[in-house]
Protein chains: 2
Amino acid sequence: MAKDLFGICPFVTSQKILQGKWAILVLHELSQGTRRFNELERELGITHATLSSQLKSLEREGIVSRTVYAEVPPRVEYSLTEIGRKFESVLASIEAWGYDYIDFLHANRPTAS
Amino acid sequence: MAKDLFGICPFVTSQKILQGKWAILVLHELSQGTRRFNELERELGITHATLSSQLKSLEREGIVSRTVYAEVPPRVEYSLTEIGRKFESVLASIEAWGYDYIDFLHANRPTAS
DNA sequence: CGGGATCCCGCCAGATACTG
DNA sequence: CAGTATCTGGCGGGATCCCG
């Protein structure tokens, strides 16, 4: 499982996981609760090919768990693992800073309204 | 200044800034204190072309400030702005989770020693 | 419904060389 | 020392088609 991630620096390791365009957004969505494949696809506006590969990465890394229900039509649900749930504190920090930063941008915009 | 970042979702906005391979690492380095160009280059193992463009981005986004000293040889120092310093709490979360995740990887490694 | 296979394009980031 | 300019390869990620 993700042997290439056996790093030493926590920042480098975290960066490798967050580097994609969608990792943070997917993790945030899953932190809100279990999601089905199509729910993620709709709510994020991501193509299914990209979503599929992103989810596969997160699953390989042990952060997301995938549950398949033997039904017709098939149902697959994604949720955070234990280590994935620990990531929620990072998401909370990112969210708080994101709001601060958006405020900052508006406060310093060139053409003040 | 970074008008294209005027977003609504704090996660999307943050993601746009952190997406690069080096943003988090550069910000962490600068959170430790003011750094000169060559210091960053050495300590991060990044090429100077890549570092230059990454720093220029962070400066445009208002997160990093650049100070030029009129000396010979020239000296340029980089540090975090106010909104940049607020990012340190995100870095702290990332660091804590990174350690947790590294522990998790070792605990779940295939060939337990 | 979930997701793999393939094609393709744009951009990130490294290498190299040049400048003040 | 601190950059910029240019070229280039690789890869992320979108579009499309196909499959169980």
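Chain letters run A, B, ... following the sequence lines, proteins first and then strands; every chain starts at 1. Since the structure is predicted, the reported quantities are computational estimates derived from the model, not experimental observations.
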Using a cut-off of strictly less than 4.0 Å, decide whether [X] has a side-chain nitrogen or oxygen near OP1 or OP2 of [N].
X       : N      : result
B:Arg36 : D:dA2  : yes
B:Lys56 : D:dG3  : no
A:Tyr78 : C:dC1  : no
A:Thr50 : D:dG14 : yes
A:Arg66 : C:dG2  : no
B:Lys21 : D:dG12 : no

Checklist entry - If you pin A:His48 and A:Pro74 to their nearest nucleotides in DNA chain C, which one's is more 5'? => result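 The answer here is A:Pro74.
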_Contact check, side chains of A:Tyr101 and B:Pro10, non-hydrogen atoms, under 4.5 Å_ =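 No, their side chains stay 4.5 Å or more apart.
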Exercise for the section: Indicate yes or no: at least one non-hydrogen side-chain atom of A:Phe37 is less than 4.5 angstrom from one of A:Leu55. Expected result: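 They are in contact (side-chain heavy atoms under 4.5 Å apart), so the answer is yes.
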- Message: I need the A:Ile24 CD1 to B:Lys16 NZ distance, nearest 0.5 Å.
- Response: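 Separation between the atoms: 12.5 Å.
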- Do side-chain atoms of B:Ser65 reach the backbone of B:Leu80 as a donor and acceptor pair under 3.5 angstrom?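 Checked: no pair found.
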Roughly, in whole Å, what's the span from [atom1] in [X] to [atom2] in [N]?
X       : N      : atom1 : atom2 : value
A:Ile17 : D:dG12 : CD1   : P     : 14 Å
B:Ile46 : C:dC12 : CD1   : C1'   : 11 Å
A:Leu44 : D:dG14 : CG    : P     : 11 Å
A:Tyr69 : C:dG2  : OH    : P     : 12 Å
B:Leu51 : D:dG3  : CG    : P     : 8 Å
B:Glu41 : D:dA2  : CD    : P     : 9 Å
B:Leu55 : D:dG3  : CG    : P     : 8 Å
B:Gln19 : C:dG10 : CD    : C1'   : 13 Å

Upstream residue (5' side of DNA chain D) when B:Asn38 and B:Ala49 are each assigned their closest nucleotide:
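Nearer the 5' end of the strand: B:Asn38.
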Over all strands shown, is A:Ser52 touching base, sugar-phosphate only, or nothing at heavy-atom distances under 4.0 angstrom?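 It contacts sugar-phosphate atoms only.
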Which nucleotide in the list D:dG13, C:dA13, D:dA2 gets nearest to the side chain of B:Trp22?
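In terms of side-chain proximity for B:Trp22, the closest of D:dG13, C:dA13, D:dA2 is C:dA13.
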Begin with the C-alpha distance, continue with both residues' side-chain angles, and end with the deciding distance and a verdict on salt bridge (charged side-chain N to carboxylate O under 4.0 Å, His left out) for B:Arg75 and B:Glu71. CA-CA 7 Å; B:Arg75 184 164 117 252; B:Glu71 302 175 357; 2.6 Å; yes
